[in-house]
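Every heavy atom of this structure was used, including side-chain atoms; hydrogens, water molecules and symmetry mates were not. Remember, it's a predicted structure, so these values are computed and weren't measured experimentally.
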Amino acid sequence: MMQCFHFMVEPAKTLTTKIKESHKRGKKEKKEPLDEDQLLVVELARDLSRVCQSSAILEHIWKQDDSWPSSLCRTFVLQWASMLESKKRPMQTDGWPEMDEVKQPKLIDEQNLIKAKTVIHNWIKDLRAQPEQSVWPGEPVVKALEDLQSAWRWGRMPNLLPAMELVMWTLIVQRPDKDTIPQQWLMWKQRTQKIGATSYIPLPVWEWISDAAVDVTLNLDTANPDLFISGDEKRMRCGFERKDIPNYHQRFDGWWCAAGVEGFTSGRHYWEVEVGERDWRLGVAKESALRKGFKSLNTDTGYLTLRLERGTELKALTVPFTSLPPDLIPRKVGIHLDFDCGQLSFYDVDKKGHIYTYNERFTEKLYPLFGTVEIVKDLVIKSPTAKTQCLCPAPCLWGLL
């Protein structure tokens, strides 16, 4: 029996030993030395967490559990140096620059990088003059940081860059009311990086977006005669026969599209759409946009849309069109229109990631737009926890910046 018992426990003992040896090897393995750009980000993360309460998430950066590529560090330094320079007095409460005034880095020039590093180093000196744990970021920021940490640990986001940015916003804005900081951060990201601004949107911000949910239905009088529309006016696909119906002036008679019943002239509005895998288009159409024939439905003709072609080519229909990376192709699309702040944003609902944002000043009524060539799978409009339309009782967030 003793021999049998020994035989049974030996594999487990060996496995435990191997695990311990693996951990020891891991501790002995030296991490790759950081370059100057990476060290600057590490230094900044350490000082941010020293000053800002509830920002322990940044320990993963300055303890090098989350190491950024040098190229990302340089881009971060250039962008935030530009932000700090625009602010002029970064540790004061004298307002925030309009986002259009912030010059975003395009090409990384060595001379500009040296200047940017100087700006960041000077700001770090300002941080070190602040008392430890002297800034409370506000409950929304704390919840966002907690959610970001969880998402990072589960591999839903590649790095903790959004956490660094949220803490930076908290320290730079320095407002008594910090409830809107996470929203301000997202809007800034979408204004300065139109494509894939963030791979994961923290839960408090996602809830803010979905709080603007509206009930969107298809307008039968606008639908292409080839389209089949369900009885609840929330599903559409191409039919096999062209219907003999009146060709109203607002009806699409070329492209296989339909518009929503309600148009929007103010406020925030959010809706979701389950899309096919072959060809679809989504977005908004301006009230003055031409709907007849096969003229391109792009920004020149009054349309702000995304289109998937042949299942692999995702495009923003700007002029010329903007190709989007294949890894941004969604199965369910969230569309958020902030009329007053001039943003129309598209999200991957399943991943809670940003896809693309149109930024412009809206001056006329906008109608939700839907298009598909699918003959089997329906394009389906969803109204996530539909609430009353958000007509922005609070002032536009840009007014707070």
Side-chain angles (χ1 to χ4, degrees), residues 66-80 99 104-108 148 151-152 154-166 185-202 205-206 209 270-284 296-300 303-338 343-360 369-374 377 379:
D66 177 41
S67 295
W68 303 357
S70 297
S71 57
L72 179 60
C73 293
R74 287 192 291 272
T75 300
F76 177 86
V77 168
L78 282 166
Q79 187 173 54
W80 280 94
M99 291 301 100
Q104 298 305 317
K106 295 181 180 179
L107 296 176
I108 296 180
L148 287 171
W152 175 73
W154 284 97
R156 299 188 65 183
M157 48 189 289
N159 54 58
L160 293 174
L161 173 66
M164 278 277 281
E165 291 178 332
L166 272 174
W185 163 78
L186 180 65
M187 294 174 66
W188 163 72
K189 290 285 287 184
Q190 293 172 164
R191 187 173 290 270
T192 57
Q193 186 179 332
K194 296 185 295 183
I195 303 172
T198 179
S199 60
Y200 180 78
I201 297 170
V205 187
W206 190 260
I209 293 171
Y270 175 72
W271 60 97
E272 295 177 354
V273 187
E274 291 181 359
V275 293
E277 300 176 359
R278 190 158 64 96
D279 194 314
W280 50 262
R281 73 173 80 221
L282 296 171
V284 298
S296 294
L297 305 185
N298 57 34
T299 49
D300 277 358
Y303 293 87
L304 306 176
T305 60
L306 293 190
R307 183 180 179 184
L308 180 69
E309 297 183 48
R310 294 179 287 278
T312 57
E313 299 176 22
L314 185 63
K315 302 174 180 178
L317 295 186
T318 53
V319 179
F321 69 80
T322 301
S323 293
L324 305 180
D327 61 357
L328 293 182
I329 296 175
R331 300 297 296 274
K332 183 187 286 187
V333 184
I335 303 166
H336 181 219
L337 170 65
D338 192 328
Q343 286 195 346
L344 176 70
S345 299
F346 300 83
Y347 306 104
D348 184 323
V349 174
D350 296 326
K351 296 180 180 178
K352 289 185 173 57
H354 175 253
I355 301 173
Y356 186 82
T357 292
Y358 285 95
N359 292 283
E360 70 169 69
L369 179 74
F370 310 89
T372 184
V373 298
E374 295 275 1
K377 182 178 175 62
L379 183 149

Begin with the C-alpha distance, continue with both residues' side-chain angles, and end with the deciding distance and a verdict on side-chain contact (heavy atoms from CB on, under 4.5 Å) for Asp348 and Leu328.
CA-CA 8 Å; Asp348 184 323; Leu328 293 182; over 6 Å; no
If you measure from CD1 on Ile329 to CG on Leu324, what distance do you get to the nearest 0.5 Å?
9.0 Å
Is it the case that the side chain of Gln190 and the backbone of Ala197 share a donor-acceptor pair, with hydrogens and angles ignored and the cut-off at 3.5 Å?
no
Taking atom NE2 of His336 and atom NE2 of His354, what is their separation to the nearest 0.5 Å?
11.5 Å
Taking the side chain as C-beta and beyond, is there a heavy-atom pair between Pro325 and Ile195 under 4.5 Å?
yes
Report the distance from atom NZ of Lys377 to atom CZ of Arg278, rounding to the nearest 0.5 Å.
13.0 Å
I need the full list of salt bridge (Lys or Arg N to Asp or Glu O under 4.0 Å) pairs touching residues 325-335, with sequence neighbours left out, sorted by first then second residue.
Glu277-Arg331
Non-hydrogen atoms of Pro158 and Trp152 that approach each other most closely
O-NE1, 4.1 Å
Sequence neighbours left out, what passes salt bridge (charged side-chain N to carboxylate O under 4.0 Å, His left out) with Glu165? Give chain and number order.
Lys189
In terms of heavy-atom contacts, Trp68 and Cys73 come closest through CB-SG, 3.7 Å
Give me the atom names and distance for the closest heavy-atom approach of Thr305 to Leu297.
OG1-O, 3.6 Å
Indicate the atoms forming the closest heavy-atom contact of Asp279 with Arg310, along with that distance.
OD2-N, 4.4 Å
Inter-residue atom distance Met164.CE - Leu166.CG, 0.5 Å rounding
11.5 Å
Ile209 side, atom CD1; Ile201 side, atom CD1 - distance, nearest 0.5 Å:
4.5 Å
Of all residues at least two apart in sequence or in a different chain, which pass the salt bridge (charged side-chain N to carboxylate O under 4.0 Å, His left out) check with Glu272?
none
Please evaluate residues Leu379 and Glu374 with respect to the criterion side-chain contact (heavy atoms from CB on, under 4.5 Å), reporting the C-alpha separation (whole Å), side-chain torsions for both, the decisive distance (0.1 Å), and the verdict.
CA-CA 8 Å; Leu379 183 149; Glu374 295 275 1; over 6 Å; no
Please lay out, stage by stage, how Trp154 and Tyr200 fare under the test side-chain contact (heavy atoms from CB on, under 4.5 Å).
CA-CA 12 Å; Trp154 284 97; Tyr200 180 78; over 6 Å; no
Any chance you could measure Arg191, atom CZ, to Asn359, atom CG, to the nearest 0.5 Å?
5.0 Å
Using the ring pair (Phe, Tyr, Trp, His ring centres under 6.0 Å) criterion, which residues pair with Tyr358? Sequence neighbours excluded.
Tyr356
Minimal non-hydrogen separation, Pro330 against Leu314, with atom names:
CD-CD2, 4.4 Å
Sequence neighbours left out, what passes salt bridge (charged side-chain N to carboxylate O under 4.0 Å, His left out) with Asp66? Give chain and number order.
none
Pick from Thr372, Leu304, Val275: which one makes a side-chain contact (heavy atoms from CB on, under 4.5 Å) with Leu282?
Val275
Checking Lys194 against Thr322 for the side-chain contact (heavy atoms from CB on, under 4.5 Å) test, could you report, in this order, the C-alpha distance in whole Å, the side-chain angles of both residues, the deciding distance, and whether it holds?
CA-CA 10 Å; Lys194 296 185 295 183; Thr322 301; 5.7 Å; no
Do you know the tightest heavy-atom contact between Val349 and Val333?
CG2-C, 3.7 Å
For Glu309, the salt bridge (charged side-chain N to carboxylate O under 4.0 Å, His left out) test, sequence neighbours excluded, returns Lys315
